[in-house]
Amino acid sequence: MSGASGQRDLPLPASYRPQNASRWDHQPDPTALLREAQTWRDRHALRPASADRRRIHLLLVDVQRDFCLPEGSLFVAGRSGRAALEDTDRLARFLYRNLENVTETTCTLDSHVPHQIFFPAFWEDAAGRPLEAHREITAAEVRDGEVRPDPRVADLLAGGDHEWLRREVLHYCERLEATGQYRLYLWPPHCLQAGDGHALVGVIQEARLFHAYARGASAALELKGSHPLTEHYSVFAPEVLRRHAPPPESAAREVALPAERNVALVDRLLRSDALVVAGQAASHCVRFSLDDLLRDAVGRDPDLAGRVYVLEDCMSPVVIANPAGGTPLFDFSPQFQEALESWAALGVNIVRSTTSMIDWPGMV
């Protein structure tokens with residue numbers, strides 16, 4: 001069957017093993033992949049990516065082990081308990097079938113350090129006891145002294161200026177709450193730089209390398225999320241760009257650096273003829289990234305939203321199970337559903353990975 005660029009939907013390579021989508025230890029062999037991709041290229045007479053008549057960019061948001069596998073510290077289980085496992089398998093299959101349709105890929109990587117404002121290690125309660133993950137922190141709690149930055153974190157990041165850091169986190173919580181979107185949420189440590197959970201899940205690493213080798217295609221990476229004083233759900237910008245006051249001279253360098261928008265990435269993605277988006281988690285990093293990108297796109301030209309395609313069956317919302325059973329502690333599924341509806345209202349195409357690209361709106 002012809003694809004979006006007048007090309008075929010290809011079969012899956014013999015080396016693809018669906019069971020590897022659920023294996024933490026699956027690591028593709030780049031040398032073996034190169035040989036197989038070259039053979040695949042010759043067998044199917046694949047043209048180079050540079051020759052594509054229509055340039056299709058696949059943006060994969062945070063398809064990392066910590067989100068995509070049950071052993072991960074923040075597995076996106078969804079309501080089914082297996083959501084990200086199934087998403088990953090569908091996503092790998094999609095890229096292999098559309099090897100000749102997708103021109104380039106970009107993978108974002110949530111990239112964290114031990115002490116960040118959304119991690120329990122950053123905080124303590126009024127009695128000096130550490131906080132637990134999966135709870136919200138409100139501006140009122142900070143203002144009333146019910147929670148506060150751990151003094152050791154103030155020593156580390158603010159040169160011992162505890163009051164500056166207290167005012168900063170209060171400012172941060174107030175800014176979040178003023179937008180009406182959400183309150184600061186504490187996550188368990190995840191995607192820590194240099195840790196196993198930070199890596200791309202194995203079958204996606206395998207598929208992107210196979211695509212790059214077979215087509216001579218770009219396989220870019222974009223790291224986000226290491227600034228200690230802001231969340232960074234969107235790959236394009238942190239949640240809060242500025243601080244309440246200049247940090248003390250003795251503050252750590254990363255605190256003194258301003259957080260900025262990634263305008264270069266926005267420009268690169270919007271130059272594509274079509275942008276296909278998938279990843280984890282649908283309720284957070286995918287949602288915030290797309291909302292952010294669409295604000296820029298629609299501001300430049302409302303028709304640009306029609307170039308965006310969301311693989312709704314290759315992403316899932318965060319659902320935090322209750323250890324005691326029953327109603328989940330947190331279920332962010334409604335936020336994802338609201339996002340799908342808002343994107344569709346702007347003209348974004350909500351599609352499924354199992355449908356041939358030629359049948360997607362505007363792809364012929």
Side-chain angles (χ1 to χ4, degrees), residues 1-5 9 54-63 67-68 76-80 82-98 101-108 181 204 207 233-236 266 269-270 272-319 331-364:
M1 183 178 293
S2 295
S5 301
D9 288 349
R54 183 173 186 140
R55 302 193 66 80
I56 298 174
H57 199 137
L58 177 61
L59 176 65
L60 303 181
V61 178
D62 299 358
V63 282
F67 299 131
C68 296
V76 181
R79 288 177 173 173
S80 72
R82 290 182 48 83
L85 292 172
E86 295 165 356
D87 295 338
T88 298
D89 178 47
R90 284 189 289 263
L91 183 52
R93 291 171 181 269
F94 169 82
L95 183 51
Y96 286 123
R97 285 199 318 273
N98 291 285
N101 299 329
V102 172
T103 307
E104 61 183 311
T105 65
T106 294
C107 291
T108 73
Q181 283 189 298
I204 298 302
Y233 294 120
S234 167
V235 66
F236 305 106
V266 172
L269 295 176
L270 292 182
S272 305
D273 295 303
L275 174 65
V276 183
V277 182
Q280 301 299 350
S283 54
H284 288 80
C285 292
V286 176
R287 175 168 66 101
F288 281 72
S289 293
L290 259 178
D291 285 348
D292 206 357
L293 180 67
L294 289 168
R295 277 191 291 271
D296 272 28
V298 172
R300 299 180 189 194
D301 179 354
D303 291 340
L304 286 175
R307 296 186 188 180
V308 179
Y309 296 78
V310 173
L311 293 176
E312 65 170 329
D313 61 337
C314 293
M315 57 181 71
S316 295
V318 171
V319 178
D331 184 347
F332 294 95
S333 302
Q335 287 88 333
F336 174 45
Q337 188 58 43
E338 290 170 9
L340 284 175
E341 294 169 4
S342 69
W343 299 334
L346 290 173
V348 170
N349 304 280
I350 311 301
V351 296
R352 298 187 69 81
S353 65
T354 51
T355 303
S356 178
M357 271 189 173
I358 198 172
D359 296 322
W360 290 3
M363 276 291 190
V364 178

Handout entry: Chi angles and distances behind the side-chain contact (heavy atoms from CB on, under 4.5 Å) call for Val348, Ile350
Key = CA-CA 6 Å; Val348 170; Ile350 311 301; 4.1 Å; yes
Completion exercise
Residues Ala274 and Tyr309: closest non-hydrogen pair is CB-CE1, 4.0 Å
Exercise for the section: Take Val102 and Val276 through the test side-chain contact (heavy atoms from CB on, under 4.5 Å) and record every step on the way to the result. Expected result: CA-CA 9 Å; Val102 172; Val276 183; 6.0 Å; no
Fill in the blank from the handout: All heavy atoms of Gly362 vs all of Arg54, minimum pair found to be O-NH2, 3.0 Å
Practice task
For Arg97 and Ser353, indicate whether the former's side chain and the latter's backbone hold a donor-acceptor pair under 3.5 Å.
Solution key: yes
Handout entry: Polar side-chain atom of Ser342 near backbone of Ala339 as donor-acceptor pair, under 3.5 Å
Key = yes
Fill in the blank from the handout: Between Arg287 and Trp343, the two heavy atoms sitting closest are CA-CZ2, 3.6 Å
Exercise for the section: List the steps, then state whether side-chain contact (heavy atoms from CB on, under 4.5 Å) holds for Ser234 with Asp291. Expected result: CA-CA 8 Å; Ser234 167; Asp291 285 348; over 6 Å; no
Handout entry: Tyr233 side-chain N/O to Ser283 backbone N/O, donor-acceptor pair under 3.5 Å
Key = no
Handout entry: Atom of Asp9, atom of Ser356 and distance for their closest heavy-atom approach
Key = OD2-OG, 2.9 Å
Practice task
Decide, yes or no, whether a salt bridge links Asp89 with Arg93 under the criterion of side-chain N to carboxylate O below 4.0 Å.
Solution key: yes
Problem - Single hit among Val318, Leu91, Asp87 for side chain to side chain contact (heavy atoms under 4.5 Å, CB included) with Gln280 - result: Asp87
Exercise for the section: List the steps, then state whether side-chain contact (heavy atoms from CB on, under 4.5 Å) holds for Asp62 with His284. Expected result: CA-CA 11 Å; Asp62 299 358; His284 288 80; over 6 Å; no
Problem - Euclidean distance, Leu293 CG relative to Leu59 CG, rounded to 0.5 Å - result: 8.0 Å
Problem - Residues forming a side chain to side chain contact (heavy atoms under 4.5 Å, CB included) with Glu104, sequence neighbours excluded - result: Arg55, His57, Ser218, Arg268
Handout entry: Heavy-atom closest pair, residues Ala83 and Ser80
Key = N-OG, 3.3 Å
Exercise for the section: Quick one: sort the Phe94 and Trp360 rings into parallel, tilted or perpendicular, breaks at 30° and 60°. Expected result: parallel
Exercise for the section: Sequence neighbours left out, what pairs pass side chain to side chain donor-acceptor pair (under 3.5 Å) with at least one residue falling in residues 297-307? Expected result: Asp267-Arg300
Completion exercise
Closest non-hydrogen atoms of Ala281 and Val76, given as atom of the first, atom of the second and distance, are CB-CG2, 3.9 Å
Exercise for the section: Using a 4.5 Å cut-off on heavy atoms from C-beta on, say whether the side chain of Leu275 contacts that of Leu270. Expected result: no
